[in-house]
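First comes the structure, then the notes that go with it.
Whatever order the structure lists ligands and atoms in, that order sets their numbers, starting from 1. Everything numeric here is computed off the predicted structure, so don't read it as measured data. We use all heavy atoms of the structure for the numbers below, so side chains are in, but hydrogens, waters and symmetry mates are not.
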Amino acid sequence: MSEVRLRFAPSPTGYLHVGGARTALFNWLYARKMDGKFVLRIEDTDLQRSTREYERAILDALKWCGLDWDEGPDVGGPYGPYRQSERTKAGIYSEYAKTLVEVGRAYYTVYDKIDRKKELLRTFDFPKDYVDQGHDVTISFKVPEGKTKFYDLLKGELEFDNSTIEDFVMIKSDGFPTYNYAVVIDDHLMRISHVFRGEDHVSNTPKQIMIYEALGWDIPQFMHIPLILGFDRTPLSKRHGATSVEHFRSIGILSRGLMNYLALLGWSVGEEEIFDVRARVKQFDPSTISNKGVIFDPSKLEWVNGKHMRMLDAEELFKEFSDWINFTGRKMPQIEKSYALRVVQVCREKVNTLAQLYEFAYPFFFDDYNFEEQFISEYLLSPYAEELLKKAIEKFSNLEDWSVAGTEKVCRELAELGIASKNKVFQTLRGAVTGRLVTPGLFETLSILGKQKTIERLTRALEHRQTKTHERATQA
Ligand code: GLU
């Protein structure tokens, strides 16, 4: 059997959309499952809208997703680099277009050089005189009579009446090919065996099939995947909020979380919802992909991501966290790795993204946290708080065992002094050392912060109380 070769062919006219990432993922999965090749081709023939910045962003996003390609920009390959703009300059597309004209399957159209919409002539002979005079010339495919059929892996046999399809341009007057034409030339020359792409391309496929047939080429296996929809069941777009891979990366979704969630959008792997896509490559079966539109639910994505954050070992999660901090340019103090690992380990229990982790862990990393208003009014300014904080400073100063059991013992002793209820004592201590009322477990928090920080922070809370009390007294 000939080699299985798939491709992802983005146009660099925007950032990588999650729908594009899912298409890339399904192509990648099948290529890897079949020990085939995954090819990346940049379809940049729309010169007005394509940029190298978007291309770079798409490449970065694919790399971050872990969807590595075997041929394409950055890798080369026998026909590389795979940029349609470069292949245009190499004359690849015009060569086959001329062949199609020669065999009567395509024709030249001449447009007036001033009134560029005005058609002057259609001809099978190269209109050299017109070209010399500076008129615009395009090459169009002549749609034959009859029907065009193809078999789609998900949709079965599809048939189109050619009378519903008009002749279409293959080579534009600027010499660049159109999508429907270039895609056929490239898929053929790159020996692409399977084309998996979004359902929005179904209506393009008969045009492409006609070109394959006219050139006498084999037709790849097509599969058109239902689009990802928003909650209103219209195709997911910017109207539904941010949809780019970069966006989800920047809010702290892990690559593995995003890939897992995108795999769930269509591919039913079995009962299990949480898995490492890379470990399931061999189970991927395109014919089981759902033929229904799937709805993108950002909160489910976060939920899936949270599961991954808790499944990773702490070292791996810390690596992801550090990479994310670099990616987003967040500030981070120089801290001992063992300290950071403990923080990440306890804080991940309560969060679903790296951004939430950063926010939740903030008081462990920085001293410049604020005291929440609710903590100040309900606890810090309560009559018992001064005595409690003073006792806490005293007892923690004498504590040698900063294990979780050690800090727990002191907390319980403080609760038993009868200064305030146990709940109040614990919440006051919690707020005093973190500024917040919702944190990881109190004993664990104190144990991680350690003696010096705990004392400093209790003292700071006490001072804050004194300042606030003074302010209130002078205002009254
Ligand atoms: N450049 C096309 C797109 O981004 C590729 C479609 C295809 O896979 O054939 O939609």
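- With ligand atoms numbered from 1 in the order given, ligand 1 contributes 2 (C), 5 (C), 6 (C), 7 (C), 9 (O) to contacts under 4.0 Å with heavy atoms of Tyr179.
- The closest approach between any non-hydrogen atom of Phe8 and ligand 1 is not below 4.0 Å.
- Inclusion of Ala9 in the set of residues having an N or O under 3.5 Å from an N or O of ligand 1 is warranted.
- The nearest protein atom to atom 8 (O) of ligand 1, hydrogens excluded, is given as Arg7 NH1, 2.7 Å; this is a heavy-atom distance.
- In the vicinity of Glu43, heavy-atom distances shorter than 4.0 Å reach the ligand 1 atoms 1 (N), 2 (C), 5 (C).
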Worksheet item: Under the salt bridge (Lys or Arg N to Asp or Glu O under 4.0 Å) criterion, do Glu273 and Lys300 qualify, and how do the steps go?
Response: CA-CA 11 Å; Glu273 281 199 299; Lys300 173 98 187 255; 2.6 Å; yes
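- The residue from Lys118, Lys113, Lys172, Arg116 that alone fulfils the salt bridge (charged side-chain N to carboxylate O under 4.0 Å, His left out) condition with Asp136 is Arg116.
- Using cut-offs of 30° and 60° for the angle between ring planes, the Tyr15 and Tyr54 rings count as perpendicular.
- Interface of His201 with ligand 1, defined as ligand atoms under 4.0 Å from a residue heavy atom, comprises 3 (C), 6 (C), 10 (O).
- Checked against the 6.0 Å centroid threshold, Tyr151 and Phe222 do not count as a close aromatic pair.
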Show every donor-acceptor pair shorter than 3.5 Å between a side-chain atom in residues 206-214 and any protein atom, with sequence neighbours excluded, or say none if there are none.
{"unit_1": "Gln208", "atom_1": "OE1", "unit_2": "Arg197", "atom_2": "NH1", "d": "3.1"}
{"unit_1": "Gln208", "atom_1": "OE1", "unit_2": "Arg197", "atom_2": "NH2", "d": "2.9"}
{"unit_1": "Gln208", "atom_1": "NE2", "unit_2": "Tyr179", "atom_2": "OH", "d": "3.3"}
{"unit_1": "Gln208", "atom_1": "NE2", "unit_2": "Asn180", "atom_2": "OD1", "d": "2.9"}

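- Per-residue contacts place Val183 under 4.0 angstrom from the following atoms of ligand 1 (heavy atoms of the residue considered): 9 (O).
- Using cut-offs of 30° and 60° on the angle between ring planes, the pair Phe321 and Trp324 is parallel.
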